[in-house]
2 protein chains.
Amino acid sequence: MAPSCKGRATYHHGDLAAALVRVTLEIVDEVGVRGFSVAEAARRTRVSPGAPYRHFADRDALLAAAALEVSRRLRALYLEAVATVESPQERLATMAGSVVRAAARFRGGYELLYAPGVRTAHPDVVTAKREFVDLLLPSAFEVVSEEHGAAVALLEALQALARGYATLLLDGVFGDPDEVAEDVAARATRSARALVAGSSVTSADD
Amino acid sequence: MAPSCKGRATYHHGDLAAALVRVTLEIVDEVGVRGFSVAEAARRTRVSPGAPYRHFADRDALLAAAALEVSRRLRALYLEAVATVESPQERLATMAGSVVRAAARFRGGYELLYAPGVRTAHPDVVTAKREFVDLLLPSAFEVVSEEHGAAVALLEALQALARGYATLLLDGVFGDPDEVAEDVAARATRSARALVAGSSVTSADD
DNA sequence: GAGCGATGTGAGAGGCTCATACATTGAATG
DNA sequence: CATTCAATGTATGAGCCTCTCACATCGCTC
């Protein structure tokens, strides 16, 4: 009782689940998804190796919870970035930049969210991703003049472009990710503009 | 001598390194990169758990060798696809389709090559990837009228777009990857065309 | 204030990576 | 041929990880 500082002098932790998610993101940032281990997360929260399994079914469930947290941060990042943007074209293009910046800022976290092969196919994570894309649907509609198929196709393409730039960045194709992040984000945004422009053309003469 | 069938009745395997790469691709296809283990590869080649380490420094080295093999197949796939294509615009757009098809066909293999977080940062793999991109440089030059910066930027964008579609596909965003692969490849190609079109415009008035 | 459900501990089974010492073999050499 | 050697495979084991299970401890409810 009276947990003076952060409350782990007591037998019960207080909020182990949240603490685990926090340190999971830390660890994943430091050593990547592959380097992550539940045991290490337990160690950092000063808890026995078995304790995490009271809150998460297995390693992947913990990673999924962490991924969910990242998706919230990504969403916030994008919403902040488009807050003052009016034109639907720019709102769309901005997404690419946000995704690239998120990749650079969250690193491991981004990897967690979007790397194929990471078993974060948890339903919550899937819907979180979908909801993020849906945020852009209205803008896409405006751009392609209310054509449903074209709007979805455009969003797909934009999403693909953004993810692609992000993976190229993290892959180190452009050099040290931290250094070139802002630059790459700008180029991604520019390419997104080109794509939007090209798409309206295509949908017009299609 | 005279290894009647596949040569594993003998003490020495014959070509363990190649066999390991082969089963590694199989395993990765079945259970993903994360599910892969050197031990399982050893089991499938009917060899002791330590044997693979005679040929590959560690788990990642074996995965890198497998990734190299995949990069060869991707290259072949693309070269076949563009064999009869003349226009540089179409040669560029075709790449996107090839990458998506490769992702669908090789699955785990693709993941191995391009998933962030997979430590395939082996120099050979990196250069293999670069060489693949360089295959497209001439076409890019033609499209943007010899402007170096623009050509590189266009290739980046195309690469990003292709990878993005591929990861979306494997992510299951479009449904069962096997079923929708051809469809998605077509859409990726179309988006690539839009991007190429949009890029020439941009580079013209820039 | 007694009991109960939730949460954490400790020990351990089974699997994996990788190192090290030893066995086997094909090929080169005398 | 017989020998030797480097390459290749085996056996063993240390250390780590995931996940389970019986047990300890705590906060809350009645």
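Residue numbers begin at 1 in each chain, while the letters A, B, ... track the order of the sequences.
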For atom [atom1] of [X] and atom [atom2] of [N], their distance in whole Å:
X     : N      : atom1 : atom2 : result
A/E40 : D/dT18 : CD    : C1'   : 15 Å
A/D15 : C/dA6  : CG    : P     : 16 Å
A/R59 : C/dC16 : CZ    : P     : 15 Å
A/D60 : D/dC17 : CG    : P     : 16 Å
B/R43 : D/dA11 : CZ    : P     : 15 Å
B/L63 : C/dC18 : CG    : P     : 10 Å
A/I27 : D/dC17 : CD1   : P     : 10 Å
B/L62 : C/dC16 : CG    : P     : 14 Å

Original post:
Yes or no on salt bridge (Lys or Arg N to Asp or Glu O under 4.0 Å) for B/R22 and B/D15, after CA distance, side-chain angles and deciding distance?
Top reply: CA-CA 11 Å; B/R22 204 164 41 238; B/D15 195 354; over 6 Å; no
Original post:
Contact class for A/S48 vs. all strands (heavy atom < 4.0 Å): base, sugar-phosphate, or nothing?
Top reply: base
**OP:** Enter the distance from B/K129:NZ to B/R75:CZ here, rounded to the nearest 0.5 Å.
**Re:** 15.0 Å
Original post:
If every non-hydrogen atom of A/A194 is compared with every non-hydrogen atom of B/L195, which pair is closest and at what distance?
Top reply: CB-CD1, 4.3 Å
Original post:
What closest approach, in Å, do B/L74 and B/A102 show between heavy atoms, and which atom pair accounts for it?
Top reply: CD1-CB, 3.5 Å
Subject >> For DNA chain D, the residues among residues 51-58 of chain A that have a non-hydrogen atom under 4.0 Å from it >> reply: A/Y53, A/R54, A/D58
**OP:** Among C/dC18, D/dT18, C/dT9, find the nucleotide with the atom closest to the side chain of A/V47.
**Re:** C/dT9
Pairs of donor and acceptor atoms involving the side chains of residues 150-159 of chain B, under 3.5 Å and at least two apart or interchain, shall be tabulated with distances.
from	atom 1	to	atom 2	distance (Å)
B/E156	OE1	A/R187	NH1	2.9
B/E156	OE2	A/R187	NH1	2.7

Original post:
Regarding B/Y165 and B/S191, is there a side-chain donor-to-acceptor distance under 3.5 Å anywhere?
Top reply: yes
